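Below: one structure, written as structure tokens.
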There are 4 protein chains.
Amino acid sequence: MSKKQELRSEETKKSIITAAYELFAVKGYEAVTMREIAKQAGCSHTTIYIYFKDKEVLLYELSKPALLELKSTLKAKLEDHKLPADERIKAISRHFIDFCLMNHNMYLLIIMTQSSRVDQEPQIQPELNTLRIELFSILNQALQEYLQLSSDDKDKLLSCSRIYFYMLQGIVSTYHLSEESSEDLFKRLDRTFEEAFEVLLTGFRYREGMHD
Amino acid sequence: MSKKQELRSEETKKSIITAAYELFAVKGYEAVTMREIAKQAGCSHTTIYIYFKDKEVLLYELSKPALLELKSTLKAKLEDHKLPADERIKAISRHFIDFCLMNHNMYLLIIMTQSSRVDQEPQIQPELNTLRIELFSILNQALQEYLQLSSDDKDKLLSCSRIYFYMLQGIVSTYHLSEESSEDLFKRLDRTFEEAFEVLLTGFRYREGMHD
Amino acid sequence: MSKKQELRSEETKKSIITAAYELFAVKGYEAVTMREIAKQAGCSHTTIYIYFKDKEVLLYELSKPALLELKSTLKAKLEDHKLPADERIKAISRHFIDFCLMNHNMYLLIIMTQSSRVDQEPQIQPELNTLRIELFSILNQALQEYLQLSSDDKDKLLSCSRIYFYMLQGIVSTYHLSEESSEDLFKRLDRTFEEAFEVLLTGFRYREGMHD
Amino acid sequence: MSKKQELRSEETKKSIITAAYELFAVKGYEAVTMREIAKQAGCSHTTIYIYFKDKEVLLYELSKPALLELKSTLKAKLEDHKLPADERIKAISRHFIDFCLMNHNMYLLIIMTQSSRVDQEPQIQPELNTLRIELFSILNQALQEYLQLSSDDKDKLLSCSRIYFYMLQGIVSTYHLSEESSEDLFKRLDRTFEEAFEVLLTGFRYREGMHD
DNA sequence: CATGAATGAGGGTTCATTCAT
DNA sequence: GATGAATGAACCCTCATTCAT
């Protein structure tokens, strides 16, 4: 009895999430209307409000599972010591970019947004913020393990991780509105991305040496 | 008579552009109202439509002079051979970032947007596109002169300039929604930005050497 | 089986009535949501529709028992000849006001409404109307017994009872949206209310005399 | 040029006010929609927002002139010492009731509302509140002049004016939703209203005497 | 009997834009 | 050339109510 209903409900919710996901990704959060989402999800726009308090909550709930998965995947890669440190950080970077490009637009807004819009919005996503911080800490750690900096060199690490993050952010934001599929992009640019990180890591190394 | 009128007309147009420029920069394109612009420009909102077909055209026309100035400044820096190549490219990068952060929000959309919004809008900015290409070609040239690549190495140059552009894009997009003023950001991060480019250039150099 | 079910059913209905009663009293009919009622009643909002055709019917059915009780209480006071006539009418008035203030908002709408809303609603409460008439007839009778008018003086009585009713209505409607509890109001204004009726009754008496 | 336009504008505003006035009076503030008002006013619902910031402001602006006129009329009657004190207060009362019945519903909400809804609404009508206070002070003064109370008897006056106000409020609220026109009501009940005040004033007088 | 799912109608409000002057 | 008046489309969201289970 209730099972069938539950199933149907779950389906509806999923279809809303899927619709919102796609629309947010293509047109951006602000430009998408609840009615549009409903139409694509095949339900009334009021139905959305059964499952999500408002548009903002829809965005956040939409983001959480994907981000959680990203986190656990990155963590696994970080802790997989079968690979050397440089391979580890490259794998992590690659996966991170891949994720961002696949979930273009929406997650970018969430992940990349750092200090933005602090002024207006009442900071409703503390959970997401925590997640974001954790994600970056994984990247940081991978970088530290690669650079083998002594713990004194906090400044050096901070500076390097900033630079490293600029590159990630740059790659993702360059292509995040592109029409090309994430797959195609990787086919075309995978080597460039890899090179980018190699250049960076090489640069880090040599500059470090120069300072000694 | 007609002269006086033309003058007045030109003034009105200018005041609209100035107002829109400031408001777009501060609040972002979407968040700014035609009425707001009109108010700040000291005219009626209908007057704007005399000079600009619609809000979008206003944005584009608004961007042109600023971009033209940027271009000529960058070109001057490129051709100023009093400085060594590495200083030249660093100066160019720095100015580019500065410009983007000062005109955050609006010009970013225009400069950074590559293939974006292809889905919806009928690509109305061919002029701007040309400008954008010219801007990037300046960056490219500066890079080439620094790397002293032979003209055979087109692939190498393309790859390097992409990577270089990622870094620029990364820095700008990281801070483009920040509340900090461009000035404050530079005060705080100028050294990091410089380091970023040094790391990159160092990386380019050493990797190049390694391949030899 | 059926007995148990009936019992449960009756319970649900009662809990709905109780919930609606309290909510209507506190927030007013319009401001209360069916879902709110359901929540407080501990059932689904659709369940309400099993027992009550719509929100309006719920209000009417809700009112009946309370009004019936009011009627029987007032009647008892009217027939309690241990008290003198002036005490009787004062007790009745006081109780009437008390009731209205305690059940402010909802019963007011019903009790006080005379020819209201004729424009829109198809007058669905004939039962309630009868009750209302009975209530006022009690007040009338108490007044008549106090004034000891001969049955010829129908006009005089009508006029007096109208005036008397204005005072009741005035007191109740003055405070019916007040935040103060009925208790607090009485603590603060009981003496004023009593005085109001005394003034009125005194006025009736002396004017009567003057006419003789 | 501009004159014709101004005229048209003024007309539109007036038609909105008239429409809102009538609808608020008939159906009550809450039940009336902006679209309804616009329809009856013969304009788009957005046009209303040109002239009034929002629905609430519409109500307030709507009320102000009528209330101001009421105030000046009552004041004139108060200061017209050609009439004896009892005639003065009766004329004032009558006019007050007349006004309330003619402007039934809306002005009632404003005039009669004393401490109501203090909890929710952010008290946006300080101007109106001042007006209300002034109106009641006129009634008070008329009563004081009639009763010729010494200034020591503040309590006595307060109590009397409260009771007097209950009667006013009672009469108005009894008929304020009636379908009968204010004119018809007066034809039918003018004598009763007058009697009500006579009874009250008589009562005040005699009770006072009794206390001496 | 009871319920969760779903909806249509409608709420106030905003905004880019057009039209008559 | 410039403007105030006016509008339609669209925004997010709420609610009483119905339907399938």
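Residue numbering restarts at 1 for every chain, and letters A, B, ... go by the order of the sequence lines. Side-chain atoms are counted along with the backbone in the values below, which use heavy atoms only and exclude waters and symmetry mates. Because the structure is a prediction, the values reported are computed rather than measured.
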pair B/Phe52-B/Leu59: side-chain heavy atoms closer than 4.5 Å: no

Identified stems (criterion: three or more consecutive Watson-Crick or G-U pairs, under 3.5 Å), DNA chain F: E:2-21 with F:2-21

Lys/Arg cation over aromatic B/Tyr60: B/Lys53, 6.0 Å, 45° cone: no

Gap between atoms CD1 and C1', on C/Ile50 and F/dC19 respectively (whole Å): 13 Å

Nearest-nucleotide pick for A/Met34, side chain only, options being E/dA16, F/dC12, E/dT13: F/dC12

Spacing between A/Ile48 atom CD1 and F/dC15 atom P, to the nearest angstrom: 17 Å

C/Thr46 side-chain N/O to F/dT17 phosphate OP1/OP2 under 4.0 Å: no

For DNA chain E, the residues among residues 35-45 of chain C that have a non-hydrogen atom under 4.0 Å from it: C/Arg35, C/Cys43, C/Ser44, C/His45

Whole-Å gap separating C1' (E/dA6) and CZ (A/Phe52): 15 Å

side-chain N/O C/Thr12 vs E/dA2 OP1/OP2, d < 4.0 Å: yes

Spacing of A/Leu7 atom CG relative to E/dG4 atom P, expressed in whole Å: 17 Å

Which residue lies more 5' along DNA chain F, comparing C/Thr33 with D/Arg8 via nearest heavy atoms: D/Arg8

Whole-Å gap separating P (E/dA6) and CD (A/Glu10): 11 Å

Side chain to side chain, B/Ile37 and B/Leu58, heavy atoms closer than 4.5 Å: yes

Residue-phosphate contact under 4.0 Å: D/Ser9 side-chain N/O, F/dG4 OP1/OP2: no

d(OH, B/Tyr51; P, F/dG1) in whole Å: 7 Å

Distance below 4.0 Å between B/Tyr49 side-chain N/O and E/dC19 OP1 or OP2: no

